[in-house]
Each structure stands twice: as structure tokens, then as C-alpha cells.
Amino acid sequence: MSNSYDLIVIGGGPGGYVAAIRAAQLGLRTAVVEREHLGGICLNWGCIPTKALLRSADIFRYARHATDFGLRIEGDVSFDAEALVKRSRAVAARLNAGVEFLCKKNKIDVIWGEASLTAPGEVRVAASKGFGARPQFPKPKSILGEGVYTAAHVIVATGARPRALPGLEPDGRLVWTYFEALLPASIPKSLLVVGGGAIGVEFASFYSTFGAQVTLVEALPQILAAEDAEIAALARKSFEKQGIKIVTNATVARLDKRENSVAATIVTEGGETLVEAERVISAVGVVPNSEGLGLEALGVKMERGVILTDGLGRTNVAGVHAIGDVAGPPMLAHKAEHEGVVCVEAIAGLSPHPIERTRIPACTYCHPQIASVGLTEAAAKEAGYELKVGRFPYLANGKAIAMGEAEGLVKTIFDAKSGRLLGAHLIGEEVTELIQGFVIAMTLETTEAELIETIFPHPTLSETMHESALDAYGRAMHI
């Protein structure tokens, strides 16, 4: 078999395999180099298995409140931590196998090993050091291995890994990253989560639901710092009501490890506080996997490990491209997938639209869920827009009340002069599904007129979207 391709993708995560599939559809002879497992972090250790665990948390929450729905469950509702993890891993394994099938279906070669660029268009693959470091799925049945491969174009899609702060280095036992947090042998009685972004908040929500006493520490004044301040404040209020202790404007100055627990010294403006917990989850962000790829020697421009690209995934070196987390924020799987398609279509000579980052939705799957797209109210004001802002609470929506999920808010932000939708920010049940309606609206450059004139089905949660747009223009019907 020839070692020459039209395109080689380094990294088999969501962006990588989607880019490879699109390339195959366009007739390009394509290979994917993967060192550890197809599907990447998202499918195997991030998005998918965490959502499986959080779904179990949702069911457990409903079961504990069965009487609210006129149901009776005899005896106490309990859980099995091992079974929770087993289900989560089974979901990931199913999708991992699905990626292998898609590669085979699209005649994409899978090359197993560690890749490096020795020259533009030349990829050297060495034996993988990562295999076996964590519980793995079976290696693909038909793969190529070590050797030198060439391609007219190479896409780097190597993703990112958990960031480790000095003094807070994960040890796999007392201090966890999301890898260990996905595989608990049991639910700790107490837990310290360091980092109030999406990953930290999701794990705080999961472990709190199953009985852990959770303390969440965030260095910034606001948890979920990327979200609209009003939505983040509502989220904090809800989490604290659930029993999660939240400390903002705070850092972990020292972590003292004991036999089966830790003592963390938390520093705030008010002084130092000692927090004891059985386990710590470090959720202080991620860093790009850009080392050891030979990029510096080729002269590829990078900044703090992020590969710099244009809106079409091109680097400053001809034939070398980058997508996904390694190409910078927002570090989201759906952003990586879309980047992969755009990058490949540009390589194939098509005319794709460059990525418009303000139209990339963000979703956090805690309880209640949070979702957003576009500018926050503060960012829109800072950009100089005159605004019309609409709000509609879940407690005025019939479907939300019927579901027993009346906690939530939909907030829409419009340019007062043009009526253009600038941003949408939601908190509440299933808002991660609702947000795409606003994403489509923004992509179509929708104004308030189209949203107001659209007929939303009743009774649905989506009516909150309609009412929020109406409220921005003083026309809300149900508040």
C-alpha cells in the first residue's frame, strides 16, 4: 500500500475524523494518525461519558422527587457508583466503535502511533507511548503503523489536555482531573472542585446530586466567566440552593495531602480558610497538545501552545493546517468539527465561509442547564450597541410548570437600531437543545421581526424563546 496521501489528519478526535470524512466525500485519499483512541477526548473522556453520568444524575433526581409527580417509590432510592461508571463507559465504547466504522465506510486509513512533521507534507509515525496509560478500547482492526507518510496537506487536530497548576498537580488518587472524575470507585463524601468553568460546574453538579458535599472555588469574580453575568448569577443561586458551596475571587494557596483526604488553604480578600475534602478535582482549563509535533522546526507560528490559523484553518506554512482545541478557543467539539469541514473544503478548492466565532454556541450540562450564543449584554454595550433586551422566565411557561422544571430564564439581546439578534443566553431545563434555534436565527441574520412573526408550538419550552423576543420590544404576552 502506498504511503502517499492527499491529506493526513493528525488526531482522530471529533474535528479530525469529521475532517477526514469530508475529505473522503470530496474524493481525497485520506489517512488519520491516532496515538490513543479514535473519537478523541470528547467522545471517550469528555462530552459523551460526562453526559451519560449527568443523565443518571437527572434520573436519580427525579426518582427522589417522585411524589411531586404523584408517584410512589417504595423504600429509599439508592445508586451504584460502579454501575453508573459502567453505563457511561459503555456509551463511550459504542460511539468509539462507530468512529472506526465511519473510517472504514469512507475508506479512510487509520495509522496507529505518535506523529511528527519532519518537513511540510511529511509525517513520521513512531510507536505510540500513550496506549495503555488509561483504560482503552480495542485498537482498530485494520491499521497501519510506524513509518514515513507523505501528503500534499496535513491537518493538525491533536486536541488538548488538562492544565496542571503548581501545587495542584493531579496524582490520580487524591487530586483528580476529569479522567479520574469519570471513573469513581465510590462517591466521595466531600469534594473540592477548583475551577468554575463548564467542566468544574458539571462535575460539581453531578457529585452534589449523588450526595457529596461540594465546594467550588473560582479565581474570577464570577463562575462560568464566559457566560452573561445575569445568567451566571442565577446559576450560582441555584447551585447554592442545592447545597454547593461557591467561593469566588479565591485561589488555592496550598494543598496538604493526608492518607485519604486533603486540606486546602483557600485565599480570598477576607483572608485564609481551610477546606477539608476527601478528593479534589482540578478543572482549571486545558492546554493544547502542540508539543513534539515538529511545528517549531517548520516555523509554524504559535502563541502559548496555540497554533495560529486564519478562518480557514491555514497556518503560515503552506500545506500545514490546524483545527480544534490545538488551534485555540473556544475549545468545543462542535467548533472543531465545523473547522474541520471548512478547512477541508478550502483545501479542495471550494469556497467555504470562514468560522464566525460569535455564532458558536456554548452549552453546560449541569442542573439547571446553561446555553448561550453571541454577545453577552456587557460585551454588546462595550461594543457600542444600543440595546433592546428581552427576558422571559420559565415559571411563566406552561410546559416548564407541567414538567416540574419552572426554574429558568431566556434572555435575548437585540441591536436597537437594526433589530439584529446579537446574543441569546438561557438557563433552565433542556436549554442546550433550545439554543440551536437562536444559532440558526443568527446565521440567517434574523431580526426581531422574523422571531416575533414565527409561530412557536404550544405547549413547549420553545415558547420562552418567542416571549423573550417579544419582551425586548414590550410585547410579551404571558408576563
Side-chain angles (χ1 to χ4, degrees), residues 50-79 201-202 205-206 208-210 224 227-228 230-244 361-373 389-412 424-441 448 451-479:
T50 56
K51 304 314 163 282
L53 290 176
L54 287 162
R55 180 58 175 167
S56 294
D58 287 339
I59 300 301
F60 185 63
R61 187 182 303 108
Y62 283 127
R64 287 190 302 170
H65 295 90
T67 55
D68 295 344
F69 298 89
L71 305 174
R72 185 169 62 242
I73 296 176
E74 298 295 342
D76 293 332
V77 178
S78 61
F79 63 89
V201 163
E202 287 185 357
S205 182
F206 169 77
S208 175
T209 298
F210 285 107
L224 299 163
E227 299 295 341
D228 184 88
E230 184 176 1
I231 298 298
L234 289 173
R236 177 171 185 160
K237 183 178 179 181
S238 178
F239 299 154
E240 290 178 334
K241 184 179 177 181
Q242 295 170 42
I244 299 173
C363 298
T364 305
Y365 298 82
C366 47
H367 179 78
Q369 293 180 4
I370 298 158
S372 61
V373 66
V389 180
R391 299 173 178 84
F392 193 81
Y394 263 43
L395 57 81
N397 175 263
K399 179 67 178 293
I401 294 171
M403 294 173 68
E405 296 287 353
E407 180 182 27
L409 178 74
V410 175
K411 178 178 181 178
T412 44
H425 307 273
L426 298 74
I427 181 170
E429 183 73 3
E430 295 299 340
V431 296
T432 57
E433 298 293 336
L434 296 181
I435 192 63
Q436 193 58 22
F438 284 128
V439 178
I440 292 170
E448 94 290 350
L451 285 171
I452 287 174
E453 292 172 9
T454 298
I455 299 174
F456 287 73
H458 175 78
T460 64
L461 296 176
S462 70
E463 290 175 281
T464 60
M465 301 165 66
H466 191 208
E467 291 276 6
S468 181
L470 287 167
D471 182 62
Y473 289 83
R475 294 179 53 181
M477 300 292 181
H478 292 93
I479 51 173

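One is the number of the first residue; the rest follow in order along the sequence.
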Participant: Compare every heavy atom of Met403 with every heavy atom of Phe69, then report the nearest pair and how far apart it is.
Facilitator: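 Minimum heavy-atom separation between Phe69 and Met403: CE2-O, 3.4 Å.
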
Participant: His478 versus Phe392: any side-chain heavy-atom pair under 4.5 Å?
Facilitator: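 SC-SC contact between His478 and Phe392 confirmed.
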
Participant: When rounded to the nearest 0.5 angstrom, what distance separates SG in Cys366 from CG in Leu224?
Facilitator: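 Between Cys366 SG and Leu224 CG, I get 6.5 Å after rounding to 0.5 Å.
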
Participant: So, the side chain of Ser205 versus the backbone of Val201: is there a donor-acceptor pair under 3.5 Å, distance only?
Facilitator: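 Checking the backbone N and O of Val201 against the side chain of Ser205, no donor-acceptor pair under 3.5 Å is found.
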
Participant: Looking at Arg61, I want to see if its CZ is surrounded by more than 12 non-hydrogen atoms of other residues, nucleotides or ligands under 6.0 Å.
Facilitator: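 More than 12 within 6.0 Å, yes.
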
Participant: How many angstroms lie between atom CG of Leu426 and atom CD of Glu227, to the nearest 0.5 angstrom?
Facilitator: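 Going from CG on Leu426 over to CD on Glu227, the span is 10.0 Å.
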
Participant: When you compare the side chain of Ile452 with that of Leu470, does any pair of heavy atoms fall below 4.5 Å?
Facilitator: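 Leu470 vs Ile452: side chains touch.
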
Participant: How long is the span from the NE2 atom in His367 to the OG1 atom in Thr209, to the nearest 0.5 Å?
Facilitator: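 Here the interatomic distance stands at 7.5 Å.
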
Participant: State, with a plain yes or no, whether a side-chain heavy atom of Asp228 is found less than 4.5 Å away from one of Ser372.
Facilitator: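 Asp228 vs Ser372: side chains apart.
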
Participant: So, for Ile479 and Ala396, which heavy atoms are closest and what is the spacing to 0.1 Å?
Facilitator: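 Answer, listing the atom of Ile479 first, then Ala396: CG2-CB, 3.7 Å.
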
Participant: Do other residues, nucleotides or ligands put more than 12 heavy atoms under 6.0 Å from Arg475 CZ?
Facilitator: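 Counting neighbours around CZ of Arg475, 12 or fewer heavy atoms of other residues, nucleotides or ligands fall under 6.0 Å, so no.
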
Participant: Can you check side chain to side chain donor-acceptor pair (under 3.5 Å) on Ser208 and Gln242, steps first, answer last?
Facilitator: CA-CA 8 Å; Ser208 175; Gln242 295 170 42; 5.1 Å; no

Participant: Write down the atom of Met465, the atom of Leu434, and the distance for their closest heavy-atom approach.
Facilitator: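 Taking Met465 first and Leu434 second, the nearest heavy atoms are CE-O, 3.5 Å.
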
Participant: What are the two closest non-hydrogen atoms of Ile370 and Ile427, and how far apart are they?
Facilitator: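 Heavy-atom minimum between the residues: CG1-CG1, 4.0 Å.
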
Participant: Supply the atom-to-atom distance Thr412 OG1 to Glu448 CD, rounded to the nearest 0.5 angstrom.
Facilitator: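 CD of Glu448 is found 10.5 Å from OG1 of Thr412.
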
Participant: Could you state the interatomic distance from NE2 (His425) to CG (Leu409), rounded to the nearest 0.5 Å?
Facilitator: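 Rounded to the nearest 0.5 Å, the NE2-CG separation comes to 11.0 Å.
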
Participant: State the CG-NZ distance between Leu234 and Lys237, to the nearest 0.5 angstrom.
Facilitator: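 If I round to the nearest 0.5 Å, the distance is 7.5 Å.
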
Participant: Keeping the roles fixed (side chain from Glu463, backbone from Thr460), state whether a donor-acceptor pair exists under 3.5 Å.
Facilitator: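 Yes, because the side chain of Glu463 sits within donor-acceptor range (under 3.5 Å) of the backbone of Thr460.
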
Participant: Whether the side chain of Glu202 engages the backbone of Tyr365 through a donor-acceptor N/O pair (distance < 3.5 Å, no angle test) should be reported.
Facilitator: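 Here the side-chain-to-backbone pair exists.
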
Participant: Apply side chain to side chain contact (heavy atoms under 4.5 Å, CB included) to Thr454 and His466, showing your working.
Facilitator: CA-CA 8 Å; Thr454 298; His466 191 208; 5.6 Å; no

Participant: Return the minimal non-hydrogen interatomic distance between Val439 and Pro361, and the atom names on each side.
Facilitator: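 Closest pair (atom of Val439, atom of Pro361, distance): CG2-CB, 3.7 Å.
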
Participant: Once the angle between the rings of Phe79 and Phe60 is folded into 0 to 90°, is it parallel (under 30°), tilted (30 to 60°) or perpendicular (over 60°)?
Facilitator: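 Perpendicular, since the angle between the ring planes exceeds 60°.
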
Participant: Just by modelled atom types, is the Gly390 backbone N or O under 3.5 Å from a matching donor or acceptor in the Ser468 side chain?
Facilitator: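 Yes: the side chain of Ser468 pairs with the backbone of Gly390.
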
Participant: Any donor-acceptor pair under 3.5 Å linking the side chain of Asp471 with the backbone of Ala476?
Facilitator: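 Not a single qualifying donor-acceptor pair exists.
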
Participant: Going by the side-chain hydrogen bond (donor to acceptor under 3.5 Å, both in side chains) test, which pairs reach into residues 394-409, not counting sequence neighbours?
Facilitator: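 The answer is Tyr62-Glu405, Ser238-Glu407.
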
Participant: Which pair of heavy atoms, one from Leu461 and one from Glu429, lies closest together, and at what distance?
Facilitator: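 It is CD1-O, 3.4 Å.
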
